[in-house]
Amino acid sequence: MRFVFLGTGTSAGVPMIGCECAVCTSADPRDNRLRTAAAVEFVDPTGQERTILLDSGPDLRAQALRQKLRRCDAILYTHNHVDHTFGLDEVRRFNIVQKAPIDIYAEPHTLDHLVRVYQHIFAKQHNVNDSFVATLISHRIEEAAVCNAGQFDVFGLQVTPIRLLHGRLPILGYRIDPGPGTPASSAFPLAYCTDVSGVPTESWQRLTGLKTLVLDALRHRHHPTHLTLDQAVNIAERVGAEHTYFVHMSHDLGHEETQSSLPDGMALAWDGLVLK
């Protein structure tokens with residue numbers, strides 16, 4: 001059972017187009033950051049290999065090729081922004097490879113966004129030609145389930161949606177616990193909390209007892225919809241996970257320099273990092 005950081009960068013990626021700052025021109029490969037996304041790879045209780053994606057950003061094809069992903073059995077969506085959804089069209093290749101549909105889980109406003117943007121997928125009957133499109137099964141995560149810590153099963157993993165705030169936009173994080181019959185891993189239970197600016201009071205209890213916390217940390221300066229690095233460190237200290245990895249970094253945070261300033265047990269993640 002593995003957790004893979006497919007991308008760790010902010011919406012513009014790093015290096016940024018047209019920028020020649022020290023981080024954008026860095027020779028350290030950890031400073032090259034595709035848009036933030038992740039994957040959980042595991043063997044389900046029936047012995048079948050599974051891959052669950054956390055978001056499908058615009059860099060999904062490059063990320064899948066780099067990590068040699070062979071499957072996509074489900075996608076957990078955090079919210080409807082472009083840098084987290086605009087790779088959905090790429091998953092059609094996984095349909096062909098695994099000869100099966102793909103489950104997608106999201107809140108109603110995110111599913112509505114996907115249906116609007118990807119009409120050629122969700123309203124295939126209206127396409128002029130019989131196009132090669134993804135085959136998806138949509139699952140709505142209702143507000144009641146979020147408020148009541150409504151855990152659901154995804155191929156043997158126990159997934160709990162966590163309410164988070166991305167500025168004024170309510171979004172989801174996910175807590176992932178191994179279920180009966182799934183392999184043990186030193187990285188789980190794990191909570192994935194990207195694009196965060198605040199944690200509502202009722203969500204803190206869902207962040208207890210974690211082995212791993214994955215948390216937004218955009219830059220040093222204030223941002224209205226993301227945590228600063230200092231704010232992220234404070235939240236990580238309160239959560240008290242054994243290990244915390246920061247994601248969604250801008251070019252303001254050079255890897256080596258920033259890492260040297262972090263407390264024990266905390267680290268900047270990088271593209272391709274694998275937790276087992």
Side-chain angles (χ1 to χ4, degrees), residues 7-14 16 33-38 53-59 75-88 104-118 138-150 152 159-176 191-208 210 213-239 244-253 269:
T8 58
T10 188
S11 59
V14 182
M16 293 177 62
R33 300 166 182 148
L34 298 177
R35 268 63 73 93
T36 291
L53 298 184
L54 290 145
D55 290 331
S56 62
D59 297 319
I75 308 173
L76 305 176
Y77 280 105
T78 59
H79 63 298
N80 65 350
H81 285 169
V82 166
D83 56 321
H84 295 265
T85 61
F86 265 32
L88 180 59
I104 62 172
Y105 297 82
E107 291 190 275
H109 78 273
T110 299
L111 284 176
D112 291 346
H113 160 83
L114 293 173
V115 170
R116 177 177 59 81
V117 172
Y118 292 99
S138 299
H139 303 268
R140 299 172 82 87
I141 301 177
E142 302 292 349
E143 181 66 21
V146 181
C147 293
N148 298 317
F152 55 92
V159 178
T160 306
I162 304 169
R163 172 61 67 220
L164 300 169
L165 295 177
H166 183 24
R168 292 180 292 179
L169 178 67
I171 68 167
L172 292 181
Y174 292 98
R175 178 186 176 120
I176 302 173
Y192 185 77
C193 304
T194 185
D195 287 48
V196 185
S197 61
V199 180
T201 301
E202 64 272 17
S203 296
W204 288 100
Q205 61 184 339
R206 290 157 210 175
L207 298 172
T208 59
L210 296 175
L213 173 64
V214 179
L215 184 63
D216 181 291
L218 182 69
R219 63 190 191 191
H220 295 293
R221 293 177 292 117
H222 170 75
H223 192 281
T225 64
H226 291 272
L227 296 173
T228 66
L229 182 61
D230 285 344
Q231 290 170 332
V233 167
N234 290 338
I235 288 176
E237 288 176 339
R238 177 172 174 179
V239 171
T244 297
Y245 293 91
F246 298 119
V247 295
H248 215 288
M249 287 87 67
S250 75
H251 65 168
D252 292 37
L253 301 181

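Just the heavy atoms: all of them, side chains too, but no hydrogens, waters or symmetry mates, feed the values below.
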| said: So does I162 get a backbone contact from the side chain of S203, meaning a donor-acceptor N/O pair under 3.5 Å? | reply: no
| query | Rounded to the nearest 0.5 Å, how far apart are NE2 of H222 and CG of L227? | reply | 11.0 Å
| field | Minimal non-hydrogen separation, P170 against H109, with atom names | value | O-CE1, 3.8 Å
| task | Go through the steps for V199 and L207 under the test side-chain contact (heavy atoms from CB on, under 4.5 Å), then give the verdict. | result | CA-CA 10 Å; V199 180; L207 298 172; 4.3 Å; yes
| query | From N80 CG over to L169 CG, what is the distance, rounded to the nearest 0.5 angstrom? | reply | 6.0 Å
| Atom OG1 in T194, atom CG in L54: separation rounded to 0.5 Å? | 10.0 Å
| query | Any idea how Y105 and F152 line up, ring-wise: parallel (<30°), tilted (30 to 60°), or perpendicular (>60°)? | reply | parallel
| remark: Rounding to 0.5 Å, atoms NE2 (H223) and CD (Q231) come to a distance of 11.5 Å
| remark: Output for pair (H220 NE2, T228 OG1), nearest 0.5 Å, gives 9.0 Å
| request: Please work out whether the ring planes of H113 and F86 are parallel, tilted or perpendicular, with thresholds of 30° and 60°. | output: parallel
| query | Which heavy-atom pair separates G167 from S197 by the least distance, and what is that distance? | reply | N-OG, 2.7 Å
| query | Does the side chain of D83 reach to within under 4.5 Å of the side chain of H248, using non-hydrogen atoms? | reply | yes
| query | Looking just at side-chain N and O atoms, do D195 and H79 make a donor-acceptor pair shorter than 3.5 Å? | reply | yes
| message | Can you tell me which residue among L114, D55, I75 is in a side-chain contact (heavy atoms from CB on, under 4.5 Å) with T85? | response | L114
| said: Looking at every heavy atom in both L215 and A236, which two are closest together, and how far apart are they? | reply: CD2-N, 4.3 Å
| query | So how far is it from D216 CG to T36 OG1, rounded to the nearest 0.5 Å? | reply | 8.0 Å
| Taking the side chain as C-beta and beyond, is there a heavy-atom pair between Y245 and L213 under 4.5 Å? | no
| Does the side-chain contact (heavy atoms from CB on, under 4.5 Å) test come out yes or no for L172 and T110, once each step is laid out? | CA-CA 10 Å; L172 292 181; T110 299; over 6 Å; no
| task | Side-chain contact test, heavy atoms from C-beta onward, threshold under 4.5 Å: evaluate it for W204 versus V239 and give yes or no. | result | yes
| task | For the residue pair Y174 and T78, confirm or rule out a side-chain donor-acceptor distance under 3.5 Å. | result | no
| request: Could you go through the side-chain contact (heavy atoms from CB on, under 4.5 Å) check for Y192 and V159 one step at a time? | output: CA-CA 11 Å; Y192 185 77; V159 178; over 6 Å; no
| query | Under 4.0 Å between a Lys/Arg side-chain N and an Asp/Glu carboxylate O for R35 and D59? | reply | yes
| task | Evaluate the side-chain contact (heavy atoms from CB on, under 4.5 Å) criterion for residues H81 and I171: first the C-alpha distance (whole Å), next the side-chain angles of each, then the deciding distance (0.1 Å), finally the verdict. | result | CA-CA 10 Å; H81 285 169; I171 68 167; over 6 Å; no
| task | Check for a donor-acceptor pair, side chain of R33 on one end and backbone N or O of S250 on the other, with a separation under 3.5 Å. | result | yes
| said: So which atom in P161 and which in A145 form the shortest heavy-atom distance, rounded to 0.1 Å? | reply: CG-O, 4.4 Å
